[in-house]
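Written out below as structure tokens is the structure these notes cover.
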Amino acid sequence: MNLESSVSVPSVQELAFQRPEKVPPRYVRDEDGDDVIGPYPSDPSLRVPLIDMAKLVNADTHQLELQKLLLACRDWGVFQTHTLYQELIQQKLVNHGVSNTSIKNMENQVRRFFELPLQEKKRSAQRSGSLEGYGQAFVTSEDQKLDWNDMIFLKCLPIQNRKLDLWPQNPPEFRETLERYSEDIREVTIAIMKFITMSLELQDTQISESFREGLYDIRMNCYPPCPEPERVLGIVPHADNSGITLLLDCADFSGLQFLKDQKWVNVEPIEGAIVVNIGQIIEVVSNGIYKAPEHRAVVNKWKERFSIVTFCYPSPDMNIGPADQLIGEGKVAVYKKFTNAEYFSKFFNRKLDQSFLDMLKYDQ
Ligand SMILES: O=C(O)CCC(=O)C(=O)O
Ligand SMILES: [Fe+2]
């Protein structure tokens with residue numbers, strides 16, 4: 001069995017509805033009662049960088065903000081950004097973008113989907129041999145520890161990748177909202193990728209343009225309240241295998257954390273802002289200058305949290321290896337070049353305890 005399908009698991013929402021006093025053993029990460037959540041940074045000034053798209057598109061402020069973007073991608077691998085809409089349209093960088101309405105609509109639809117009775121949600125349940133649909137990802141055995149999370153994962157773009165039989169018909173506006181949202185996110189991704197490649201001083205736009213024909217897979221997460229939040233994880237630490245990932249945090253408290261200098265740093269949700277993190281493909285393309293950061297989700301004792309996560313991939317025609325301009329003339333290639341198909345085959349056939357990126361490196 002490879003990682004393209006998952007063992008079916010119980011719904012965490014249903015479990016939480018029963019208001020248990022304790023977490024069932026399958027979700028407990030610490031065997032001896034230790035807190036699995038720490039360590040948090042002692043330095044409260046450690047904050048995920050904020051990048052202002054308006055400054056990136058304004059000629060007077062462009063250089064300084066691009067420098068900030070470079071440091072964010074190099075030292076953190078993640079940043080938050082808002083003002084994704086008006087400025088980009090004015091600068092004709094996008095035809096449309098993610099407006100606050102598009103964000104609000106999507107959040108509402110996801111909330112309403114997870115509020116449905118289990119039987120109704122199960123109409124979109126994962127089928128065997130596929131990760132798409134309502135269920136859980138990367139569970140390969142009955143004794144594997146489980147995340148405190150329910151999710152629905154749908155491939156959204158290109159349109160021919162959609163498995164509409166798994167797209168919820170309830171709530172009734174879910175489908176058209178997701179269609180619109182994925183197209184909006186694609187526009188924004190191309191714009192963000194332009195700035196990311198610019199910050200690497202890559203002159204041509206081939207990489208950012210390859211996201212026009214790219215793949216956009218959306219994972220909607222629900223983290224129910226948990227009686228013993230310090231003993232479980234919403235999502236285990238991982239790096240994304242995407243090009244970049246755009247995450248919408250639908251909560252007014254933090255749950256997402258990034259690893260920075262061996263400490264977990266909370267992302268404080270900002271209304272209308274998106275969290276952008278570097279995925280492993282851009283780590284490889286940048287020859288390791290930019291890092292795909294480790295991140296995880298923790299859960300709350302009283303409150304449910306949702307997130308809407310878009311994994312953005314370049315066109316399947318694009319080979320995955322360090323950009324030509326970043327190697328040669330004394331600059332050593334850290335990563336090998338693979339075809340797109342080879343890259344994904346390695347990803348889905350990796351062992352869960354193996355570092356995926358190490359498999360792509362030249363032997364040191
Ligand atoms: O929901 C979150 O905050 C994190 C989700 C995530 O990292 C993922 O789905 O890959
Ligand atoms: Fe992730």
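Remember, it's 1-based here, ligands and their atoms both numbered in the order they're listed. All residue numbers refer to positions in the sequence shown, counting from 1.
The closest approach of His238 to the Fe ion (ligand 2), by N/O/S atoms, is made by NE2.
Within 4.0 Å of ligand 1, the residues that place a heavy atom are Arg219, Asn221, Tyr223, Ile235, His238, Asp240, Leu247, Leu256, His295, Arg305, Ser307, Val309, Phe311, listed by chain and number.
The Fe ion (ligand 2) is the vertex of the angle joining OD1 of Asp240 and NE2 of His295, which measures 90° to the nearest 10°.
A centroid separation of less than 6.0 Å is found between the aromatic rings of Tyr313 and Phe344.
Under a 3.5 Å cut-off, the side chain of Ser355 and the backbone N or O of Asp358 do form a donor-acceptor pair. Not one N or O on the side chain of Arg186 forms a donor-acceptor pair closer than 3.5 Å with the backbone of Phe211.
The aromatic rings of Phe356 and Tyr343 stand perpendicular to each other, their planes meeting at an angle above 60°, with 30° marking the opposite boundary. Ring orientation note: the planes of Phe113 and Phe174 are tilted relative to one another, at an angle of 30° to 60°.
No hydrogens or angles considered: nothing links the side chains of Asp60 and His62 as a donor-acceptor pair under 3.5 Å. Side chain to side chain, Asn319 and Thr339 fail the donor-acceptor criterion of an N or O pair below 3.5 Å.
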